[in-house]
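Nothing fancy with the numbering, it's 1 onward along the sequence. Since this is a predicted model, take the numbers as computed values, not measurements.
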Amino acid sequence: MMVKSKFKIFPIVLISYLSALPLLLIIVCLVSPKLNVILATLVVLSIVVVFWMTILKSRSHSVEMSKDDISVKRYFGLGELVVYKYSKLDGFVTVMESAKGSVYETIFFLQKGKRVGCISRFYHKNFENLKLRLKENLVDLGE
């Protein structure tokens, strides 16, 4: 049986907003002659790049779990497809992360001690189904 991750709407809207906001700020800077356009642009672009390259790269994975392997695509499924055999993975670790008064469970699966994929209660609607499939096929390495 194949289990495919499904994203929640809120993270997609939030990330779209955070991606569009810097462009709006640049437009406002171009319209207002009093603001230093170059400085504002550099600050905004650096924030966007850091956000996209860190948070989204490590958390927003589209995951498909089959009987023998896990397929992972980063950046909400827009990234490159990488397939990992369960037998080649070390196991998974659970991390509890807090955000705006809530605690979200995030599970990273590891290969040779490195994080190669992630499922998160914040990003995925069907987190519990994905978690159950991981528990069936991989070793729980703790928190």
query = What distance do Leu138 atom CG and Arg133 atom CZ have between them, rounded to the nearest 0.5 Å?
reply = 11.0 Å
inquiry  = Set out, in order, the CA-CA distance, both residues' side-chain angles and the distance that settles side-chain contact (heavy atoms from CB on, under 4.5 Å) for Val72 and Phe109, then state yes or no.
reply    = CA-CA 11 Å; Val72 178; Phe109 26 101; 3.7 Å; yes
query = Is it true that Val82 and Leu89 fall in one hydrophobic cluster, defined by side-chain heavy atoms closer than 4.5 Å?
reply = yes
task = Could you tell me the separation between the CG atom of Leu110 and the OH atom of Tyr84, rounded to the nearest 0.5 Å?
result = 11.0 Å
inquiry  = Nearest 0.5 angstrom please: Leu141 CG to Asp90 CG, how far?
reply    = 7.0 Å
note = To the nearest 0.5 Å, atom CD of Glu64 lies from atom CG of Leu130 at 10.5 Å
ask   = Do Val116 and Ile70 pass the side-chain contact (heavy atoms from CB on, under 4.5 Å) test, and can you show the C-alpha distance, the side-chain angles, and the key distance before you say yes or no?
value = CA-CA 10 Å; Val116 294; Ile70 301 175; over 6 Å; no
Separation between CZ of Arg121 and CD of Glu128, rounded to the nearest 0.5 Å = 4.5 Å
inquiry  = Give me the atom names and distance for the closest heavy-atom approach of Asn137 to Lys67.
reply    = OD1-O, 4.0 Å
note = In short, Val83 meets Ser71 closest at the heavy-atom pair CG2-OG, 3.7 Å
key: Distance-minimising heavy-atom pair for Phe127 and Ser120   = CD1-C, 3.4 Å
key: Contacts of Lys131 that satisfy salt bridge (Lys or Arg N to Asp or Glu O under 4.0 Å) - sequence neighbours left out   = Glu105
inquiry  = Among residues at least two apart in sequence or on other chains, which ones pass side-chain hydrogen bond (donor to acceptor under 3.5 Å, both in side chains) with Asp69?
reply    = Ser66
request  = Examine Leu132 and Ile119 and state if one hydrophobic cluster contains both, with Ile, Leu, Val, Met, Phe, Trp and Tyr joined whenever side-chain heavy atoms are less than 4.5 Å apart.
outcome  = no
message = Around atom CD of Glu80, are there more than 12 heavy atoms from other residues, nucleotides or ligands closer than 6.0 Å?
response = no
task = Give the intermediate values and the outcome of side-chain contact (heavy atoms from CB on, under 4.5 Å) for residues Thr106 and Phe122.
result = CA-CA 8 Å; Thr106 302; Phe122 180 76; over 6 Å; no
inquiry  = Set out, in order, the CA-CA distance, both residues' side-chain angles and the distance that settles side-chain contact (heavy atoms from CB on, under 4.5 Å) for Tyr86 and Glu136, then state yes or no.
reply    = CA-CA 10 Å; Tyr86 289 123; Glu136 291 171 3; over 6 Å; no
Atom pair CG/CZ of Asp140 and Phe92 - distance to nearest 0.5 Å = 3.5 Å
